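First comes the structure, then the notes that go with it.
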Amino acid sequence: MKLLNTKNLAAVTLTAAMGMASTSAMALEDFTVDPDLNPATNNSFVADKITGGYAEVVTFGVGTFDVSIKWDAGQFFTNDGVTALTAGLTRVGVDYGLYALFNGRGTFSTVGNLTTFTFTDAIFDLFYDDLVDTSYNQPLTASFSDPTKQWSVNNNADDLHLASGALVVGAGQLNNTCVGLNCGSFGTTLTFALENPYGPQFFTAPTPFFDLTLNAGQFNDFPVVAGQTVLINGSMDVVFQKSVPEPTTVALMGLGLLGLGLRRRKA
């Protein structure tokens with residue numbers, strides 16, 4: 001089965017990020033999590049979205065960027081991303097932490113007041129912090145190819161590798177006249193592969209699990225200047241999907257909208 005055409009998906013992702021796509025509600029895919037990684041405890045729950053906060057270091061070149069991101073999961077949602085599940089149920093942030101490290105690079109261009117970012121490479125890894133004690137080291141600059149210029153962690157001997165993946169497509173846009181919050185948005189689609197043995201013990205259903213993760217977020221204002229490095233923060237939503245064969249317009253639009261994590265709107 002072939003993934004969606006990358007050019008078409010990129011166009012849909014960017015169009016939706018710019019707020020020009022339909023805002024009708026999209027059904028999110030359910031998945032089951034066992035927070036104990038032990039079916040005997042019978043503490044599994046069903047969700048369809050994960051939200052969290054991120055911090056990213058971006059280094060700009062002439063029309064290029066390198067980025068390193070750390071993301072901390074804060075909450076699970078259900079009911080098509082509408083209903084928040086309590087920490088008492090999911091135990092995230094209480095009995096365990098959930099974090100991802102993402103590194104990427106790409107190109108950018110500015111037309112008028114809008115700067116458009118397009119990813120060309122990206123990889124990520126998702127971890128389960130068993131003792132909720134992991135701390136992070138922020139790099140001074142970002143580099144996709146240099147591990148010394150990427151987020152790193154301390155106190156991670158207890159951390160379990162749940163999943164990994166790589167870029168399918170990703171794009172974002174910044175309003176350069178905006179000051180403060182919500183000055184831009186982005187969407188990425190990444191492959192998603194559970195790592196044995198812990199990945200299938202945490203994400204227990206469906207089987208086989210989804211092979212795509214679709215991520216959407218917002219960022220605050222920042223300068224885009226060649227030779228400079230900036231620290232950006234914001235929020236990011238994560239949902240899952242299975243790859244689908246090419247192509248119908250409806251399928252493309254549905255995947256693009258899901259990838260941007262649009263909130264459900266009631267009539």
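When reading the values below, keep in mind they use all heavy atoms of this one structure, side chains included, and skip hydrogens, waters and symmetry mates. Note that the structure is a prediction, hence the values are computed from the model and not measured. Along the sequence shown, the residues carry numbers beginning at 1.
- Closest non-hydrogen pair, Pro200 versus Glu195, comes out as CD-O, 3.6 Å.
- Applying the salt bridge (charged side-chain N to carboxylate O under 4.0 Å, His left out) test to Asp36 and every residue at least two apart in sequence or in another chain returns nothing.
- Using a 4.5 Å heavy-atom threshold, the side chains of Asn156 and Asn154 count as separate.
- With sequence neighbours left out, Val111 forms a side chain to side chain contact (heavy atoms under 4.5 Å, CB included) with no residue at all.
- Between the side chains of Asp34 and Thr204, no donor-acceptor pair of N or O atoms lies under 3.5 Å.
- Side-chain contact between Ile50 and Asp237: absent, with no pair of heavy atoms (C-beta onward) separated by less than 4.5 Å.
- Side-chain contact check for Leu190 versus Leu167: some heavy-atom pair is nearer than 4.5 Å.
- Expressed to the nearest 0.5 Å, how far OG1 of Thr189 lies from CG of Asn215 amounts to 7.5 Å.
- The two residues Pro35 and Asn43 have their closest heavy-atom pair at CD-O, 3.4 Å.
- Nearest heavy atom pair, residue Val132 against residue Gly97, reads CG2-N, 4.0 Å.
- Among residues two or more places apart in sequence or in another chain, the ring pair (Phe, Tyr, Trp, His ring centres under 6.0 Å) test is passed with Phe65 by Phe117, Phe119.
- When every heavy atom of Ala27 is checked against every heavy atom of Asp80, the shortest pair comes out as CA-OD1, 3.5 Å.
- Residues satisfying the ring pair (Phe, Tyr, Trp, His ring centres under 6.0 Å) test with Phe203, not counting sequence neighbours, are Phe192, Phe209, Phe240.
- Counting heavy atoms from C-beta on, the side chains of Ser164 and Ile123 never come closer than 4.5 Å.
- Residue pairs that meet the ring pair (Phe, Tyr, Trp, His ring centres under 6.0 Å) test with at least one member in residues 135-161, sequence neighbours left out, are Tyr99-Tyr136, Phe127-His161.
- In this structure, Asn42 places its CG atom where only 12 or fewer heavy-atom neighbours from other residues, nucleotides or ligands lie under 6.0 Å away.
- Using a 4.5 Å heavy-atom cutoff, the side chains of Trp71 and Val238 are in contact.
- Remark: the backbone N or O of Pro139 is not paired with any side-chain donor or acceptor of Gln150 at under 3.5 angstrom.
- A donor and an acceptor atom, one from each side chain of Asp66 and Thr59, are nowhere located under 3.5 Å apart.
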CA sep, side-chain torsions, deciding dist, call: Cys183, Asn220, side chain to side chain contact (heavy atoms under 4.5 Å, CB included): CA-CA 5 Å; Cys183 291; Asn220 304 330; 5.6 Å; no

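- Here Glu56 pairs with nothing under the side-chain hydrogen bond (donor to acceptor under 3.5 Å, both in side chains) rule; sequence neighbours left out.
- Residue Asn137 holds its CG atom at 12.0 Å from OG1 of Thr148, rounded to the nearest 0.5 Å.
- Within the model, atoms OG of Ser243 and CG of Asp211 stand 3.5 Å from one another, a figure rounded to the nearest 0.5 Å.
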Apply side chain to side chain contact (heavy atoms under 4.5 Å, CB included) to the pair Thr118 and Phe108, showing each step before the final yes or no. CA-CA 6 Å; Thr118 303; Phe108 70 88; over 6 Å; no

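- Hydrophobic clustering, with ILVMFWY side chains joined whenever heavy atoms are under 4.5 angstrom apart, groups Val33 together with Leu89.
- Residue Val62 shares its hydrophobic cluster (ILVMFWY side chains chained together at separations under 4.5 Å) with no other residue.
- For Asp133, there are no side-chain hydrogen bond (donor to acceptor under 3.5 Å, both in side chains) partners at least two apart in sequence or on another chain.
- You'll find the side chain of Asp129 stays beyond 4.5 Å of the side chain of Tyr96, heavy atoms only.
- Taking each heavy atom of Ala142 and Ser68 in turn, the nearest pair found is CB-N, 3.9 Å.
- Using a distance-only test at 3.5 Å, with no hydrogens or angles considered, a donor-acceptor pair links the side chain of Thr191 to the main chain of Ala166.
- With a 4.5 Å cut-off on side-chain heavy atoms, Leu37 and Tyr198 count as touching.
- Separating the CZ atom in Arg105 from the OG atom in Ser143 is a distance of 8.0 Å, to the nearest 0.5 Å.
- For the residue pair Thr115 and Asn176, a side-chain donor N or O sits within less than 3.5 Å of a side-chain acceptor on the partner.
- Under the salt bridge (charged side-chain N to carboxylate O under 4.0 Å, His left out) criterion, Asp146 pairs with no residue, sequence neighbours left out.
- You'll find the side chain of Asp48 stays beyond 4.5 Å of the side chain of Glu29, heavy atoms only.
- By the criterion of side-chain heavy atoms lying less than 4.5 angstrom apart, applied directly or through intervening Ile, Leu, Val, Met, Phe, Trp or Tyr residues, Val153 is not grouped with Phe124; the two fall into different hydrophobic clusters.
- Linking ILVMFWY residues whenever their side-chain heavy atoms come closer than 4.5 Å, directly or via other members, places Ile69 and Ile232 in the same cluster.
- To the nearest 0.5 Å, atom CG of residue Asn182 and atom OG of residue Ser235 are 7.5 Å apart.
- Residues passing the side chain to side chain contact (heavy atoms under 4.5 Å, CB included) test with Ala47, sequence neighbours excluded: Phe31, Phe45, Phe76, Leu85.
- Heavy atoms only, all atoms of each residue included: Thr110 and Gly112 are closest at CG2-O, 3.6 Å.
- In the hydrophobic clustering of ILVMFWY residues, with side-chain heavy atoms under 4.5 Å counting as a link, Phe210 and Leu126 come out together.
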Derivation of the side chain to side chain contact (heavy atoms under 4.5 Å, CB included) call for Tyr54 and Asn233: CA-CA 6 Å; Tyr54 72 88; Asn233 61 74; 5.6 Å; no

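- Partners of Phe77 under the ring pair (Phe, Tyr, Trp, His ring centres under 6.0 Å) rule, at least two apart in sequence or in another chain, do not exist in this structure.
- Panel note: side chain Gln201, backbone Pro197; a donor-acceptor pair is recorded below 3.5 Å.
- Looking at residues two or more places apart in sequence or on another chain, you find a salt bridge (charged side-chain N to carboxylate O under 4.0 Å, His left out) between Lys70 and Asp72.
- For the pair Thr229 (side chain) and Thr141 (backbone), a donor-acceptor distance under 3.5 Å is absent.
- If you check the side chains of Gln173 and Thr116, you find a donor sitting under 3.5 Å from an acceptor.
- Transitive grouping of hydrophobic side chains (ILVMFWY, heavy atoms separated by less than 4.5 Å) keeps Val92 and Leu101 in distinct clusters.
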What do the steps show when you test Val230 against Phe60 for side chain to side chain contact (heavy atoms under 4.5 Å, CB included), and what is the final call? CA-CA 9 Å; Val230 296; Phe60 295 105; 3.8 Å; yes

